[in-house]
Undergrad: 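Okay, handing you the structure first.
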There are 2 protein chains.
Amino acid sequence: MGTTQLESVQEPKYQHLKTVIGEALDSDFTVGEILPNERELAARFGVARATLRQALEQLELEGRLQRRRGVGTTVAPPRVGVDVSTTQQVWPGVGDDAWLAQDAIPGDAPVAVARLLETAAGEEVHLVRRLRLSQGQAVAAELLYVPAGSVPGLDAIDAPVGAARARAVLCELQNLVLDGQDRSVELGSARADDAKELDRLPGSPVLVVTTRYLSGGRTAAVSVATYRADTCRLTFGDSVDLAMAS
Amino acid sequence: MGTTQLESVQEPKYQHLKTVIGEALDSDFTVGEILPNERELAARFGVARATLRQALEQLELEGRLQRRRGVGTTVAPPRVGVDVSTTQQVWPGVGDDAWLAQDAIPGDAPVAVARLLETAAGEEVHLVRRLRLSQGQAVAAELLYVPAGSVPGLDAIDAPVGAARARAVLCELQNLVLDGQDRSVELGSARADDAKELDRLPGSPVLVVTTRYLSGGRTAAVSVATYRADTCRLTFGDSVDLAMAS
DNA sequence: AAGTGGTCTAGACCACGCA
DNA sequence: GCGTGGTCTAGACCACTTA
C-alpha cells in the first residue's frame with residue numbers, strides 16, 4: 001500500500017503525462033476530435049502549462065496530435081505512407097504526378113550540396129522547386145539542384161518562366177542517361193520557406209531526403225526533399241500501406 | 001519597453017539565436033570543442049535560459065550540437081551515414097557484423113506489430129534484441145519479432161539463452177525462403193529501454209525503421225529498429241559516404 | 001563539492017484563426 | 001474581440017558527471 005504514488009520514481013512529470021494522455025487518446029478520443037485547451041489541460045493535471053506542453057510536443061512529434069495556433073489541438077490521423085523507393089530508377093518528373101512543379105530560377109548551391117554535385121562552389125545551377133501532394137495535402141517540398149552543365153539545351157530556348165520553366169528543366173534532364181541514384185534520410189528542422197509551403201512553423205521537425213542522380217560518371221542533379229515528419233511515414237520497397245482503419 | 005531593435009521583425013528570438021549560434025559554430029568552433037554553459041550563453045545573448053535552450057535544442061536536433069547532462073555542450077561531428085538499403089535481400093543476422101545480437105525471450109507483439117505480422121494479437125513471438133554499432137558507438141537498437149510459427153525448429157533444442165539464443169533464432173530464420181522485404185522510416189521518440197542502450201534520454205528523437213520480412217506469402221518476421229536521429233543519416237542504395245572531413 | 005544540463009513553475013505577452 | 005497555441009521571463013530545484 002505504501003507504493004501508491006509510485007511511478008514518479010525518477011520519471012519526469014511530462015513523460016508520465018505523455019503516457020497518460022496517450023492512453024486517453026486511444027480510449028476516449030477519435031481522430032479529428034479536439035482536445036481541451038492547454039490551460040485547461042494543465043490545470044486538470046495539476047502542472048504548469050510549460051510542462052503540459054512538453055508532453056504535447058512529444059505526442060505531436062510521434063504523429064499522435066496536431067496543434068494549430070489559433071485553432072486548437074486535435075487527434076491526428078495515422079501517418080500516411082509516402083513512397084520514396086528507388087526501385088524504379090528514373091529522373092524526377094517522369095511519370096509520377098505526385099510532384100507539382102512550381103518554378104525554376106538560376107542560383108547557386110549551398111556548400112553541402114555543391115560537395116555532392118562535385119562542382120565548383122560558385123557554379124551556376126538551376127533551382128527547381130516542387131511540391132509533393134498526398135491526399136490533397138502538401139507533404140513535402142523539394143529543391144532540385146541541376147548544374148547548368150547538365151542541361152546545356154536549356155539556354156537556347158530561355159523563354160518559359162515559373163512552372164513552365166521548371167517543367168522544361170525536368171524535360172531536359174530526361175535527355176541524359178540515368179546511371180543510378182542514391183538516397184539518404186535524416187532528421188532536420190524546416191527552413192522558413194519550406195515551413196510555409198508545408199503549413200508548419202519554421203523549425204518544425206522534418207525528414208530530409210537527399211537524392212543524388214548519377215549520369216556519365218558524375219552527379220547530374222541533387223534533390224533535397226523536406227517531408228513533414230509529423231504526418232509522413234516514408235516507405236521503401238514494395239511495402240503496402242496498412243493501417244487503413246476508419 | 002520597446003527593446004525591440006530590428007531583426008526581430010516577426011522572427012522569434014530563439015530562431016534568430018539559432019542562426020547566430022549556428023554561424024558561430026561554423027566559424028569559431030571546431031568539432032568536439034565545448035561551448036560555454038547555458039547560463040553563461042543566455043547571459044551573453046541577453047535572453048532567458050529557456051529561450052537559449054530552445055535554440056540549442058534545434059541545433060541538437062539538426063545534429064550540430066551534442067549535449068550531455070553533467071558534462072556540457074559540444075560541437076557534434078558530421079552525422080555518420082548508416083546503410084539501411086534493401087538491395088541485398090537477406091534475413092537479419094546474415095553476413096553483416098554491424099549488428100550485435102543480445103538476447104531473445106518469448107513474449108507477444110504490440111498491436112501495431114501484430115497487424116503487420118497478420119497474426120492473432122496474442123500469438124507468441126520470439127523477441128530478439130540487437131544492437132547496431134558504428135565506429136564503436138551504438139547507433140541503433142532493434143527489436144525483432146519472430147512468430148513462433150516461423151521458426152518451428154527452435155522449440156526442439158530450447159537450451160541456449162541470452163545472446164546464444166538470439167543467434168539461434170536468427171539461424172533458424174535462414175531455413176526459410178525470403179521472398180521479399182519492405183521498409184519504412186518515420187520519426188519517433190525513444191522508449192526508455194532503447195534510450196538507455198543508445199545513451200540518450202528517454203523521449204529523444206529517433207528514426208524508426210520498420211522492416212517486414214516476407215516468406216511464403218506471409219510476413220515471417222518484423223523488425224523495429226530505432227536509430228539515433230542526432231548522429232545518424234540513413235543511406236539507401238549505393239550511396240558513398242562523403243563528408244569525411246577530419 | 002562543484003558545475004553541468006534537465007525539469008518545473010507561475011506568471012506575461014504575442015500571433016493567429018475565426019465568428 | 002475572443003480564444004487558441006507560440007514565445008518569453010526569472011527564478012528554483014533535481015540528476016548527473018567529474019574531480
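A quick note: this is a predicted structure, and the numbers were derived from the prediction, not measured. Residue numbers begin at 1 in each chain, while the letters A, B, ... track the order of the sequences.
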Undergrad: Strictly distance-based, threshold 3.5 Å: is any side-chain N or O of A:R228 a donor or acceptor partner for the main-chain N or O of A:L198?
TA: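 Between the backbone of A:L198 and the side chain of A:R228 there is a qualifying donor-acceptor contact (under 3.5 Å).
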
Undergrad: Taking all non-hydrogen atoms of both residues into account, name the closest pair between B:L65 and B:V75 and its distance.
TA: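 The pair with the smallest heavy-atom distance is CD2-CA, 4.3 Å.
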
Undergrad: Search all heavy atoms of B:E62 against all heavy atoms of B:R79 and return the closest pair with its distance.
TA: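 In this case the closest contact between B:E62 and B:R79 is C-NH2, 3.2 Å.
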
Undergrad: Looking only at side-chain N and O atoms, does A:Y14 come under 4.0 Å of OP1 or OP2 in C:dC8?
TA: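 Indeed not, no polar side-chain atom of A:Y14 lies that close.
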
Undergrad: Atom CZ of A:R49 to atom P of C:dC8: distance rounded to whole Å?
TA: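 Rounding to the nearest Å, CZ of A:R49 and P of C:dC8 are 17 Å apart.
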
Undergrad: Would you check if the side chain of A:S189 reaches a backbone N or O of A:S204 as a donor-acceptor pair within less than 3.5 Å?
TA: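 The answer is no, because no donor-acceptor pair under 3.5 Å joins these two groups.
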
Undergrad: Quick check for you: among D:dG6, C:dG5, C:dT9, whose closest atom lies nearest to any side-chain atom of B:R67?
TA: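 Comparing D:dG6, C:dG5, C:dT9 against the side chain of B:R67, the answer is C:dG5.
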
Undergrad: For the pair made of CZ in A:R53 and P in C:dT7, what is the distance, rounded to whole Å?
TA: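 Going from CZ in A:R53 over to P in C:dT7 covers 16 Å.
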
Undergrad: Provide, to the nearest angstrom, the distance between the NZ atom belonging to B:K13 and the P atom belonging to C:dA15.
TA: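 Checked: the NZ to P distance equals 13 Å.
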
Undergrad: Just to be sure I understand the rule, does B:R68 reach a base, reach only the sugar-phosphate, or reach nothing, if contact means heavy atoms closer than 4.0 Å?
TA: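 Sugar-phosphate contact only - B:R68 comes under 4.0 Å of backbone atoms but never of a base.
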
Undergrad: Do the side-chain N or O atoms of B:T73 get closer than 4.0 angstrom to the phosphate oxygens (OP1, OP2) of C:dT4?
TA: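 Indeed not, no polar side-chain atom of B:T73 lies that close.
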
Undergrad: Could you tell me the separation between the CD atom of A:Q54 and the C1' atom of D:dC8, rounded to a whole number of Å?
TA: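 Taking CD of A:Q54 and C1' of D:dC8, I get 15 Å after rounding.
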
Undergrad: Without decimals, in angstroms, what is the distance between A:L52 CG and C:dG11 C1'?
TA: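 In whole Å, C:dG11 C1' lies 16 Å from A:L52 CG.
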
Undergrad: Donor-acceptor check, side chain of A:R132 to backbone of A:A138, threshold 3.5 angstrom: yes or no?
TA: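 Answer holds: no.
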
Undergrad: Which residue lies toward the 5' end of DNA chain C, B:N37 or A:Q15, if each is placed at its nearest nucleotide?
TA: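 Here B:N37 is the residue nearer the 5' end.
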
Undergrad: When all nucleic acid strands are considered with a 4.0 Å heavy-atom cut-off, which category describes A:L201: base, sugar-phosphate, or nothing?
TA: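 Touches sugar-phosphate only.
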
Undergrad: Quickly work out the B:K196 NZ to D:dC16 C1' distance and round it to whole Å.
TA: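 Computing the B:K196:NZ to D:dC16:C1' distance gives 14 Å.
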
Undergrad: Between A:E57 (CD) and D:dG5 (P), how many Å, whole number?
TA: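 Whole-Å distance recorded here is 13 Å.
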
Undergrad: If you assign each of A:T51 and A:V71 to its closest nucleotide in DNA chain C, which residue comes earlier from the 5' end?
TA: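 The residue closer to the strand's 5' end, by nearest nucleotide, is A:T51.
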
Undergrad: If you check every side-chain atom of A:V47, which of D:dT9, C:dT9, C:dC8 has the closest atom?
TA: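 For the A:V47 side chain, the nearest candidate turns out to be C:dT9.
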
Undergrad: Expressed in angstrom and rounded to an integer, what is the separation of A:R39 atom CZ from D:dT7 atom C1'?
TA: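 After rounding, the gap between these two atoms is 12 Å.
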
